[in-house]
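Worksheet for the structure shown next.
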Amino acid sequence: MFKGSEYAYYAMYLVGFAIMMVVNLKTCKKYDLKKTITVIITLITYVAGVSGAMIMGDAYTALTANFDAGGSSVAIFGAVVFTPIFMTVAALILSQPWRKVMDMLAPGIFIILACAKFGCFMAGCCPGRECSFGVYNPKLELTVFPSQLFESITMAFVVAFCFWYAFKNKKCMSGSVYPVTAAVYSVTRFCWEFMRYYKYEELRHLVLGMTFWQFWCVVVIILSVLWIALLKSEGLVELETRYYSFTDAKYQIIADKFEKFKHRNDKNIVHHKKKKKK
């Protein structure tokens, strides 16, 4: 919320990404992932997160087109919603254990979100309600509650919870780290939305009596519960096992054909050498 800090938001994305890369390289052994593939997956995650944020930002802008809502082209909540989808596809294409990949990525994804929210505070976007004891926002020319700063601090606790759940909780199921953390984050984000500044009161009741972001918080919580239920019923585990059994068999057929193709002239070469020896 300082003059000349318009680029802080994007700079904090990069800071969060750098921290995520270090964390992933430090924890990849726990998930039996090689460092090379970890670097590739982390890079894809960053692109997926930014893409998801842009999709969500565009959706919000389109939905609030009738209001002077000041919609952003980037909304970090989109990273929470779309990153699992993109990274599931990426993990399957790369033939990596999908559940372990998502467990490894979970802390870093929310670290980026925490950094991005601090960037919001620096840039003055997504401000809190007008109040007498807050921080002056030059864009609104109002003194507002620094909800972005407090949300960033809350996110730090969410990240700490994520690490505890992943590494200290003995009941942690493989593949459950991301949905559990996403649900906890969504609860905190739902609450902080009550402190957010909206130019029009109608925007507080935009979707089913909730703000756009509160609606997505509820969606993420529901999806997280379903995710955990599928893990407990071993439905996701069975699907994953079937997929990798299919791909392993397919790759083995391709590898066998390649080996046959590579050695297709071996008999002729051996026969020619014997004939020449005589």
Side-chain angles (χ1 to χ4, degrees), residues 6-10 12-14 16-17 20 44-90 102 105-106 108-121 123-129 139-140 147-148 151-152 154-155 158 178-179 181-227:
E6 290 80 6
Y7 298 104
Y9 180 77
Y10 300 101
M12 291 307 296
Y13 259 95
L14 295 175
F17 170 71
M20 179 186 189
I44 296 173
T45 303
Y46 182 74
V47 175
V50 172
S51 300
M54 292 175 68
I55 292 171
M56 188 68 82
D58 290 342
Y60 181 69
T61 301
L63 190 61
T64 58
N66 295 327
F67 298 91
D68 179 20
S72 172
S73 59
V74 178
I76 61 172
F77 203 93
V80 179
V81 177
F82 291 102
T83 299
I85 299 171
F86 295 146
M87 293 317 299
T88 296
V89 175
M102 288 309 303
L105 293 176
I109 291 171
F110 292 98
I111 286 171
I112 292 180
L113 295 184
C115 292
K117 267 302 173 181
F118 186 77
C120 287
F121 171 72
C125 60
C126 312
R129 287 177 178 267
K139 292 183 177 180
L140 300 175
S147 59
Q148 319 98 310
E151 189 174 341
S152 180
T154 304
M155 281 296 301
V158 172
Y178 187 86
T181 309
V184 172
Y185 164 71
S186 296
V187 170
T188 64
R189 176 64 188 270
F190 188 95
C191 296
W192 282 120
E193 272 295 299
F194 291 111
M195 297 302 297
R196 187 167 176 173
Y197 170 85
Y198 285 101
K199 188 175 181 179
Y200 302 100
E201 192 63 25
E202 291 88 343
L203 292 174
R204 296 190 181 279
H205 315 285
L206 190 63
V207 184
L208 301 178
M210 299 176 284
T211 70
F212 180 77
W213 311 113
Q214 284 178 323
F215 167 76
W216 278 105
C217 286
V218 173
V219 170
V220 169
I221 291 170
I222 293 172
L223 291 177
S224 296
V225 171
L226 291 174
W227 186 334

Please examine the side chains of [Y] and [X], heavy atoms only from C-beta on, and report whether any two atoms are closer than 4.5 Å.
| X | Y | value |
| --- | --- | --- |
| M20 | L105 | yes |
| L14 | Y46 | yes |
| L206 | L63 | yes |
| L140 | P127 | yes |
| V218 | M210 | yes |
| E193 | Y198 | yes |

Can you tell me if [X] uses its side chain to pair, donor with acceptor, with the backbone of [Y] under 3.5 Å?
| X | Y | result |
| --- | --- | --- |
| S186 | A182 | yes |
| R129 | F194 | yes |
| S147 | R196 | no |

For this session: Give the ring-plane orientation class for F118 versus F121, where under 30° counts as parallel, over 60° as perpendicular and anything between as tilted.
Result: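 Plane angle between 30° and 60°, so tilted.
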
Exercise. Angle class for the W216/F212 ring planes (parallel below 30°, perpendicular above 60°, tilted otherwise)?
Worked result: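 Geometry flag for F212 against W216: perpendicular rings.
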
How many angstroms lie between atom [atom1] of [X] and atom [atom2] of [Y], to the nearest 0.5 angstrom?
| X | Y | atom1 | atom2 | answer |
| --- | --- | --- | --- | --- |
| T64 | Y200 | OG1 | OH | 10.5 Å |
| M56 | S51 | CE | OG | 13.0 Å |
| C125 | Q148 | SG | CD | 6.5 Å |

Shortest non-hydrogen contact between [X] and [Y], atoms and distance:
| X | Y | result |
| --- | --- | --- |
| A79 | T83 | O-OG1, 2.5 Å |
| I76 | A116 | CG2-CB, 3.7 Å |
| C126 | K117 | CB-NZ, 4.0 Å |
| A48 | M87 | CB-SD, 4.2 Å |
| A90 | I44 | CB-CG2, 4.0 Å |
| V80 | Y178 | O-OH, 2.7 Å |

Problem set entry | Contact list for residues 204-223, test salt bridge (Lys or Arg N to Asp or Glu O under 4.0 Å), sequence neighbours left out |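 The answer is E201-R204.
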
For this session: May I have the step-by-step check of side-chain contact (heavy atoms from CB on, under 4.5 Å) for F17 and I111, ending in yes or no?
Result: CA-CA 8 Å; F17 170 71; I111 286 171; over 6 Å; no

Exercise. Taking the six-membered ring where the residue is Trp, are the ring centres of F190 and W213 under 6.0 Å apart?
Worked result: no

For this session: Not counting sequence neighbours, which residues clear side-chain hydrogen bond (donor to acceptor under 3.5 Å, both in side chains) with Y185? List them please.
Result: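 Per chain and number, Y185 pairs via side-chain hydrogen bond (donor to acceptor under 3.5 Å, both in side chains) with R189.
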
For this session: Please test V81 against V220 for side-chain contact (heavy atoms from CB on, under 4.5 Å), starting from the C-alpha separation and ending with a verdict.
Result: CA-CA 7 Å; V81 177; V220 169; 3.9 Å; yes

